[in-house]
Structures are given as C-alpha cells and as structure tokens.
Number of protein chains: 4
Amino acid sequence: MAPRTKKQFENIREEKKKLIMTVALELFGSDGYHTTSISDIARKADISKGLLYNYFDSKEELIREIINSGIDKLAKLIDPNRDGVLTKGELRYFIENFFILLIEEQKFWKLYFSLFLQAPVLALVEDRLRRLIASYFLMLTNYFESQGYEDPQIESLMFGAILDGIGFNFVTSLSDFPVDRVKEKMIKMYCK
Amino acid sequence: MAPRTKKQFENIREEKKKLIMTVALELFGSDGYHTTSISDIARKADISKGLLYNYFDSKEELIREIINSGIDKLAKLIDPNRDGVLTKGELRYFIENFFILLIEEQKFWKLYFSLFLQAPVLALVEDRLRRLIASYFLMLTNYFESQGYEDPQIESLMFGAILDGIGFNFVTSLSDFPVDRVKEKMIKMYCK
Amino acid sequence: MAPRTKKQFENIREEKKKLIMTVALELFGSDGYHTTSISDIARKADISKGLLYNYFDSKEELIREIINSGIDKLAKLIDPNRDGVLTKGELRYFIENFFILLIEEQKFWKLYFSLFLQAPVLALVEDRLRRLIASYFLMLTNYFESQGYEDPQIESLMFGAILDGIGFNFVTSLSDFPVDRVKEKMIKMYCK
Amino acid sequence: MAPRTKKQFENIREEKKKLIMTVALELFGSDGYHTTSISDIARKADISKGLLYNYFDSKEELIREIINSGIDKLAKLIDPNRDGVLTKGELRYFIENFFILLIEEQKFWKLYFSLFLQAPVLALVEDRLRRLIASYFLMLTNYFESQGYEDPQIESLMFGAILDGIGFNFVTSLSDFPVDRVKEKMIKMYCK
DNA sequence: TATGAATGAGACTTCATTCAT
DNA sequence: TATGAATGAAGTCTCATTCAT
C-alpha cells in the first residue's frame, strides 16, 4: 500500500539494468551487434521492448555501456598498482589474469574483437580504448628493454599480437581450445 | 561489326561479377556486412540494384562468394604442392606469402576475422574453412614434430595464434603497424 | 495536530489539479499537444505520472479540462450581464478585456487557435465552442444593426476576424507585437 | 523489354512525388501533422510506406517540401513585378489573388496557420517565411505612408491581421464562411 | 495519496528483394 | 542485359496508460 522507497526503486533499477546488460552481451557476443535486435534482447531478458528504453536511451548506448564496463575490467588487469612500471612478477600476474578474464568473459571478448572490426561501433569508445592500449604498450616496451631484449618495441607488438591471437582463437573455436596448456606455454616463454 | 561471341559475353559477365565482388569486399571490409546495403554496393559499382541480382541471388550469396574466393587464395598459400607435407622452405614461403596476402588484401582479412565472430555468417562457409584450417594445423604439427619441438601441437596452435594476432592487429590499426619488421621477426623465430 | 478535514483535502486536491493544468497549458502552448508527453508534464509539475492519472483520466481529458476552463473565461468576457444585448459601453469593455485576456493567457490562446486547426482535437469541445461563438456573433450583429451599419453581418464577421487575426499575430510573433497600439486602433475604429 | 528511358523514370518520379505531396497536404491540413501518420498517407495515396521514403528522406522533409512549395505560391502573390513597391492597383490585385489562393488551397492555409503555432515545425522554414513576411510588411507600410495614412505601421499590422483573421476563419469554419462578400468588403475598405 | 517500473500498441524508418519495362 | 520504382517485413524507438507497492 505504501509506495516503494527510493532505495527499493534503486535496487530494482540496478538489478534490471544488470540483467539487460548480461543478456545483451550474451547475444551481441554470439550473434553480433547488428544481427541482435532489441526484440531479441527483450525476449531473452523476459521484459518488454519498451522497458529496455527505460534503462538505455538507445541500442548504441546499451552497447557502449557494456563495452565500457568490459574496459573497466581490462583496465584493472593492467598495471594493478598503477605505477606505470611492470615487474617480472606483474607480467606473470598479468598473463595469468588475462587467461582468467578470457575464460570468464568469453562473450565480452568476442564483442571486444568485433569492436575493432567495425569502424562505426568502435568510434563509440575508441579514445578510451586506444589510450588504454597505448599505455600498456609503453609499459611493456619499457619492461622488455629492462630485460635486455634486442628490439623491445617489436617484442611488445608480438606479445600483444600473441595474446590477441590466442584470445581470438579461444573465443572463436567453440570449445576445444586447450587454453591451459597455451597459458603454460606463454608463461614458459615470458616468465621462465 | 560482328556480333559478340558467346565467349565475349561470358568475359564481360565475368568482369562485371568481379567488379561487384571487389566493390562489395571494399565496403563490407570497411563498414561491415550489415552496415553495407545492396544500394551502397550498386551505387559504388555504378550499376543498378537489379543488375546486381542478376549476378548474385542474394546478399548472402554475394558475401559467400567473396569469402570463398578469399579462401581459395588462402588455400593456395597453404601447401602449394599439395602433398600434405611442409618443408622448412615451404614454411618460409608460407610466412612470406602470408604477409604479402595480408597487405594486398587487407579488406578481405577484416571480413575474414569478423566472419568468425558472427555465428550466423560463419555458418555460411564454416565447413570448408574448418577443414582447411584443420588440414593446415595437421601439416604444421607434423612439421614441428619433425623439427624436434617438444610439444608440436601447442607449437602449431601458437604459430596460428601469432599469425592471427598479427593479422588482426595489422588490419585493425589503420596504418601504423610495422608489418615488415614483424615479418622479419617471424622469420627469425621460425626459419633461422 | 488534528487530522485534516475533508474540506482541507479537497482544497489540496483542487490546488494540485490547478497546478497540473497550468503546467500542461504552458507546455501544450509552447510545444504543442502531441509534442508534449505526460512525462514532460509530470516532471515539470514535480509529481509522478501515476499521480497525474489520479486527477485526469487521460491526456485527452486533461486538455479538454484546460480548454473548457479557458472557454469559461471567454464566456465571462462576452456579455457580462448575460442579457444577450450588447451596448456601446460593453463593446468597449469587451475589446479592452479581450486584450487583457490575450496578454495574460497567451499560452491558452495558442492552444485555442491550434484547436481549430486539428479536427480530432476540436471535436472534444466543438459544440460548446461553436454555440458560444454563434451567440456572440448574433449579439454583435444586432449591435451593428442598431448602430446603423450597412451590412451588420459582414461587419460582425470582420470584427471577429480582426480580433482573431490580432490574437494570432500576437501569440505568434514571440514578443515584438505592439499590442497596445493595436488596441487603441481597435477602440478608435469601433468605439469612437 | 527494353528498360524505361531516363525521361520515363523522371516522369514517374515527378507524378508520384506530386501525388504524395497532395495527399499529405490533405491529411496534414485536416488532421494535423502529428496526428497524420506515414501509414495514413501511404494508404490514402495507395502506395507502400517504403515507397514514400524513396521520395522523401523523412516525414519532416515531406512537410518541409510541402510548405516550401506553398510559400513559393505565396511569394508569387506578393509584389508580382518584384520592384519592391506597391501600387494601388497591385494592392487590389493582391487582395483578389489572396482570396483566390485562399479558396484554392484551403488545406495549405490550414497547414500554414498551424505552422506558426508549433515551434518545432516552424523552425523548418522559419527563416524564409519571416523574411518573406517582413519584406511584404515593409512594402505595405511604404504604401500606406504614400497614401497619407496617419500611422502606416499600425495600418500594415492591421491589414495583415485582418487577412490572417479572415483566412483563419475561412479555413476553420467548415463551409459557411461568406468569403465573397468579405472580399468585397476588403476591397471597399482598402481600394475604394 | 503517491511512486515509477512495466507494458504494448503504434510511430518512423531501412533495406533486401521483386518486377514491369 | 539493365533500370530503378515498388513492396513488405522487420528494426528502432516513443509514449499513454496500468499497477504493485
């Protein structure tokens, strides 16, 4: 009888927003952004189409929030103590956590990769993402330099490419990618 | 003037078909499959929409032919003498040609990568592609085994992942990817 | 504190209803009926959408009440002593009050004019309005006849048209309409 | 069998475009811009919704073209010899043609009036319209001055208001407005 | 009385595809 | 072979209205 409190409303909103984002990521990840319709998302989330627009201004806004939330996790992965310098221990930590994130958030990674392949979608978050990647590239290069590698820049590029390639192959080969063995290989290659 | 022979007509037809596919690949590659409309393609190819349907039964058929034609080139790259065995020389040849193909056909590679990220589109060519990749993976594994690598399977996976990663980074980073230096690094790593 | 009496409750209700109508008129007047959403009104009135429906059964009902309330004022303007006869003094009184009403209730007049231009909306109040206008037209015609005008009917039509035209131009030209000078002109024309 | 010529296509386009504009004006005029849906227009024009968008980029573009085409006629009405000066004969010509236009294009005038009452729609053509009106106002004022009127500016305003009022009453009172007698009255008032 | 989440019909718009010429 | 007008299904989004609390 008494109206819901502000807190109650907030909870409802938060829960439902998370639900929508989860469902949408799921579908965007498996079928792609354009192939997934708002109707699809609403149906799978078991809500009306209209309600979705109560939470997100547009389909574009929805994917932007999903991606940004993914980038947040990525940012945490990189340089956890935020001093801009990478130690050998941190590199290992990074590799291990990369694989954890990869496995836990497969759908996000699919979205992440397809993001780069579609100019219009990429534009939504490009700046932030490029900056994040650039900062990590710098840290890596410094690290390889300090370890005495011959061409630290190429080394960084290769390191990044390998991770991208592994990620791509993993999220792309339905289920039979031996991710654990590949992880060990990476650690052997870079942290022995 | 003598009427055109059947042969001539076929040539014209073939030319126009190639034109459409080139234009379509260009647009699919830069803007994405769903974002590119049949109208866009027809306009850029300077033909009518109707004529396009004279050559391709549907948009899906069009992309399928484009991808298959790309896969043809890929297939030629792999095991050129088709004996199912890879020699050291052939591996080097493969790497070098991979980079040539990568640079010449950037747009195709973008399409190729996005292919894997969209289940519905992938379905169109999945079988052939998976078979091609599997056959190459086998050849590679045999090769690494013959070279005495400890874990040839992982080695193959890594090799594939690296190429994918490099390709992905190249087609994705607009222009500043030092592809030549990366190629040298690959050759140093695998063909020294 | 003593509980509020029934009377008090009714007063509060009446106040809130008036508030909603004022806000709605404001928005309908400046943005138009269809362009203004219930949400807009609720937000500006600082109440919930639900509460608005506690006072008005529908958006249509809301505008109908607003218009009827406006027509009430109009009716008061016309023939204040309700004897159906217009004297020279009353005509002057009418003109002067018309201008006062025009200035005070610009937003209502905008709504009033647009009312006539939209068949579906007009239907809501058409009868009452047509009757009111007809009755005034009759009074005017009688008046002009009694004053010896040659064609009292046309005279009435022109008089009405002039007022409408002035009103229309006033509410329509943002701010620079010299309403006072026009009023003087009208008085000179009709009440010299 | 042979494809249609360019000319044929142009004719089709022109005819159909005119049809759509006529139907749309009809509906916008009687029911209002927002109340009239694209479906309504397509149904009445006996075409598909999609085709409408082959001719107009948006509903807004459609109304803009309709209004601009109306303003074209208006512009022709004003100062036919385009010397910026109004003679007594031209004023009479103007009045008479105003009434002709009013009768012939009732629906446009309804749209024209409602245009001024809705800020967002007005914005589409505001500049052009304001300029046109301003230029006519100037000509009128000069004219009344040359004729020795006491307050030419007010005289112009009144003249414009009367025409607006007449037009408004005419397009608004379904059928019983004695437009001919009112015209005579106007001529008597201004061109005697 | 009061809230705002939730619904669903319907609006505008796009686009692959067809077809008369 | 070649054109582009025409269709219709489906997509994104809005909004009056309802209802549990």
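Letters go in sequence order (proteins before strands), and every chain restarts at 1. Hydrogens, waters and symmetry mates play no part in the numbers below; they use all other heavy atoms, side chains included. Worth saying up front: this structure is predicted, and the values here are computed from it rather than measured.
If you check residues 40-51 of chain A against DNA chain E, the residues with a heavy atom closer than 4.0 Å are A/Ile47, A/Ser48, A/Lys49, A/Gly50, A/Leu51, listed by number. DNA chain E lies under 4.0 Å from no heavy atom of any residue of residues 13-35 of chain D. A heavy atom closer than 4.0 Å to some atom of DNA chain F occurs in A/Tyr53, A/Ser58, A/Lys59, these being the qualifying members of residues 52-60 of chain A.
B/Lys73 pairs by the salt bridge (Lys or Arg N to Asp or Glu O under 4.0 Å) definition with B/Glu105, not counting sequence neighbours. For D/Lys44, the side-chain hydrogen bond (donor to acceptor under 3.5 Å, both in side chains) criterion is met by no residue, not counting sequence neighbours. Partners of A/Lys17 according to the salt bridge (Lys or Arg N to Asp or Glu O under 4.0 Å) rule, which considers only residues two or more places apart in sequence or in another chain, are A/Glu65. Partners of B/Phe116 according to the ring pair (Phe, Tyr, Trp, His ring centres under 6.0 Å) rule, which considers only residues two or more places apart in sequence or in another chain, are B/Tyr112. Judged as a side-chain hydrogen bond (donor to acceptor under 3.5 Å, both in side chains), and not counting sequence neighbours, the contacts of A/Lys107 are A/Glu26. When the side-chain hydrogen bond (donor to acceptor under 3.5 Å, both in side chains) test is applied to C/Ser37, the partners found at least two apart in sequence or on another chain are C/Asp40. By the side-chain hydrogen bond (donor to acceptor under 3.5 Å, both in side chains) test, B/Asn11 pairs with no residue at all, sequence neighbours left out.
The interatomic distance linking A/Ile12 (CD1) with E/dA5 (P) rounds to 7 Å, in whole Å. At whole-Å resolution of the value, CZ in A/Phe9 and P in E/dA5 are 6 Å apart. Taking atom CD1 of D/Ile38 as the reference point, atom P of E/dC12 lies 5 Å away to the nearest angstrom. In this structure, D/Leu62 places its CG atom 16 Å from P of E/dA11, rounding to the nearest Å. The distance between atom CG of A/Asn11 and atom P of E/dA5, rounded to the nearest whole Å, is 12 Å.
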Where each pair must be Watson-Crick or G-U wobble with both distances under 3.5 Å, what dot-bracket representation of DNA chain F is obtained, with crossing pairs in [ ] and other-strand partners as |? .||||||||||||||||||||
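At most 12 non-hydrogen atoms from other residues, nucleotides or ligands lie less than 6.0 angstrom from CG of B/Asp46.
The list of ring pair (Phe, Tyr, Trp, His ring centres under 6.0 Å) pairs with a residue in residues 31-55 of chain B, not counting sequence neighbours, reads B/Phe28-B/Tyr33.
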Does A/Arg64 form a salt bridge (Lys or Arg N to Asp or Glu O under 4.0 Å) with A/Glu61? I'd like the steps, not just the answer. CA-CA 5 Å; A/Arg64 188 187 298 140; A/Glu61 183 61 28; 2.7 Å; yes
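When atom types are taken as modelled, the side chain of D/Glu15 and the backbone of D/Ile12 share no donor-acceptor pair closer than 3.5 angstrom. For the pair C/Thr36 (side chain) and C/Leu27 (backbone), a donor-acceptor distance under 3.5 Å is present.
Here the nucleotide nearest the side chain of B/Ser37, chosen from E/dA16, E/dT21, F/dT12, is E/dA16.
Between B/Lys110 and B/Asp31 there is no salt bridge, since none of the side-chain N atoms of the basic residue sits less than 4.0 Å from a carboxylate O of the acidic one.
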